[in-house]
Amino acid sequence: MQQHIPFMNAAMEEARKAEALLEVPIGAVVVWNDTIIGRGHNLRETTRDPLAHAELIAIKQASEHLGAWRLLDCRLYVTLEPCPMCAGAIVQSRIPQVIYGTTDPKAGCAGTLMNLLQEERFNHRVDVISGVLQEECSSMLTQFFRRLRGKA
Ligand SMILES: [Zn+2]
């Protein structure tokens with residue numbers, strides 16, 4: 001568990017970049033040989049792109065870095081449980097391990113609503129660790145929405 005904390009902190013740093021842009025604070029990093037090779041934060045509003053999720057941006061960058069679509073020997077860290085789209089991309093990029101901070105009761109597809117990462121019928125299954133810096137990841141989101149409501 002301890003080894004995951006610095007990388008989850010890096011994902012939280014990404015989430016803060018989203019927050020600074022008034023985006024929902026979600027961040028992700030892809031790690032290969034203990035080196036971060038992909039970073040992403042939610043940019044849905046800024047880019048007006050429904051695909052601009054933190055995980056997809058980090059995966060794209062990692063693939064470019066490795067020059068491969070298969071992210072073998074990589075780990076993906078994300079502050080919030082992946083949605084169906086991102087869980088799909090994780091399976092498609094063959095990432096072996098995903099570590100996420102807090103669960104998403106509205107869209108989580110890594111065990112909460114569904115578990116696309118460990119679906120027996122798919123040709124790839126992902127090792128999942130949840131709850132790394134859970135409190136921190138969760139409170140960043142609740143505080144963001146609280147401030148948003150306060151302003152409205
Ligand atoms: Zn997503």
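All of these numbers come straight from a predicted model, not from anything done at the bench.
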Visitor: To the nearest 0.5 Å, what is the distance between CG (L51) and CE (M85)?
Guide: 5.5 Å

Visitor: Quick check for you: to the nearest 0.5 Å, what is the distance between L80 atom CG and L141 atom CG?
Guide: 5.5 Å

Visitor: How close do C74 and P96 get, heavy atom to heavy atom, and via which atoms?
Guide: O-CD, 3.0 Å

Visitor: Do I26 and H53 have side chains that get closer than 4.5 Å, going by heavy atoms?
Guide: no

Visitor: Test of understanding: with ring-ring contact (aromatic ring centres under 6.0 Å, His included), list the residues that count as partners of Y77, not counting sequence neighbours.
Guide: H4, F7

Visitor: With a 4.5 Å limit on heavy-atom distance, are the side chains of I129 and Q97 in contact?
Guide: yes

Visitor: What is the distance from atom OG of S138 to atom CD of Q143, rounded to the nearest 0.5 Å?
Guide: 9.5 Å

Visitor: With no hydrogens and no angle check, just 3.5 Å: does a side-chain donor-acceptor pair link S130 and E81?
Guide: no

Visitor: Heavy atoms only: give me the nearest M140-A15 pair and the separation to one decimal.
Guide: CE-CB, 3.3 Å

Visitor: Within the structure provided, determine whether E23 and H41 are in side-chain contact (heavy-atom separation under 4.5 Å).
Guide: no

Visitor: Which value, rounded to the nearest 0.5 Å, describes the distance between N9 atom CG and L133 atom CG?
Guide: 5.5 Å

Visitor: Does any part of the side chain of L71, heavy atoms only, come nearer than 4.5 Å to the side chain of S63, both counted from C-beta?
Guide: yes

Visitor: Measure across V91 and L116 and return the closest heavy-atom pair with its distance rounded to 0.1 Å.
Guide: CG2-O, 3.6 Å

Visitor: What are the two closest non-hydrogen atoms of E119 and R125, and how far apart are they?
Guide: O-NH1, 3.4 Å

Visitor: Heavy atoms only: give me the nearest M8-G101 pair and the separation to one decimal.
Guide: CE-N, 3.5 Å

Visitor: Would E13 and R16 pass as an ion pair if we require N to O under 4.0 Å?
Guide: no

Visitor: Please check if the number of heavy atoms outside Q3 that lie under 6.0 Å from its CD is greater than 12.
Guide: yes

Visitor: Does NZ belonging to K60 count more than 12 external heavy atoms closer than 6.0 Å?
Guide: no

Visitor: What's the shortest heavy-atom distance between G40 and A58, and which atoms?
Guide: N-CB, 3.8 Å

Visitor: Is it possible for you to say whether I36 and M12 belong to one hydrophobic cluster, with membership spreading through side-chain heavy-atom contacts below 4.5 Å?
Guide: yes

Visitor: For residues L117 and F122, determine if any side-chain heavy atom of one lies less than 4.5 Å from a side-chain heavy atom of the other.
Guide: no

Visitor: Knowing that exactly one of V78, V29, V98 qualifies, which makes a side chain to side chain contact (heavy atoms under 4.5 Å, CB included) with E55?
Guide: V78

Visitor: With rounding to the nearest 0.5 Å, note down the distance linking CZ in R70 to NE2 in H124.
Guide: 11.0 Å

Visitor: Could you check whether any side-chain heavy atom of D34 comes within less than 4.5 Å of a side-chain heavy atom of R75, counting everything from C-beta outward?
Guide: yes

Visitor: Could you check whether R94 pairs with D73 (Lys NZ or Arg NE/NH1/NH2 to Asp/Glu carboxylate O, under 4.0 Å)?
Guide: no

Visitor: Any donor-acceptor pair under 3.5 Å linking the side chain of N42 with the backbone of V24?
Guide: yes

Visitor: Find the distance between CD1 (I90) and CD1 (I59) and round it off to the nearest 0.5 Å.
Guide: 5.0 Å

Visitor: Mind checking whether M1 and I5 sit in one hydrophobic cluster, side chains of I, L, V, M, F, W, Y counted as touching below 4.5 Å?
Guide: yes

Visitor: With the side chain counted from C-beta on, respond yes when V30 and Q61 share a heavy-atom pair under 4.5 Å apart, and no when they do not.
Guide: no

Visitor: Would you indicate whether the side-chain heavy atoms of P25 and T79 approach each other to under 4.5 Å?
Guide: no

Visitor: Hey, quick one: are L76 and I37 part of the same hydrophobic cluster, counting side-chain heavy atoms closer than 4.5 Å, chains of contacts allowed?
Guide: yes

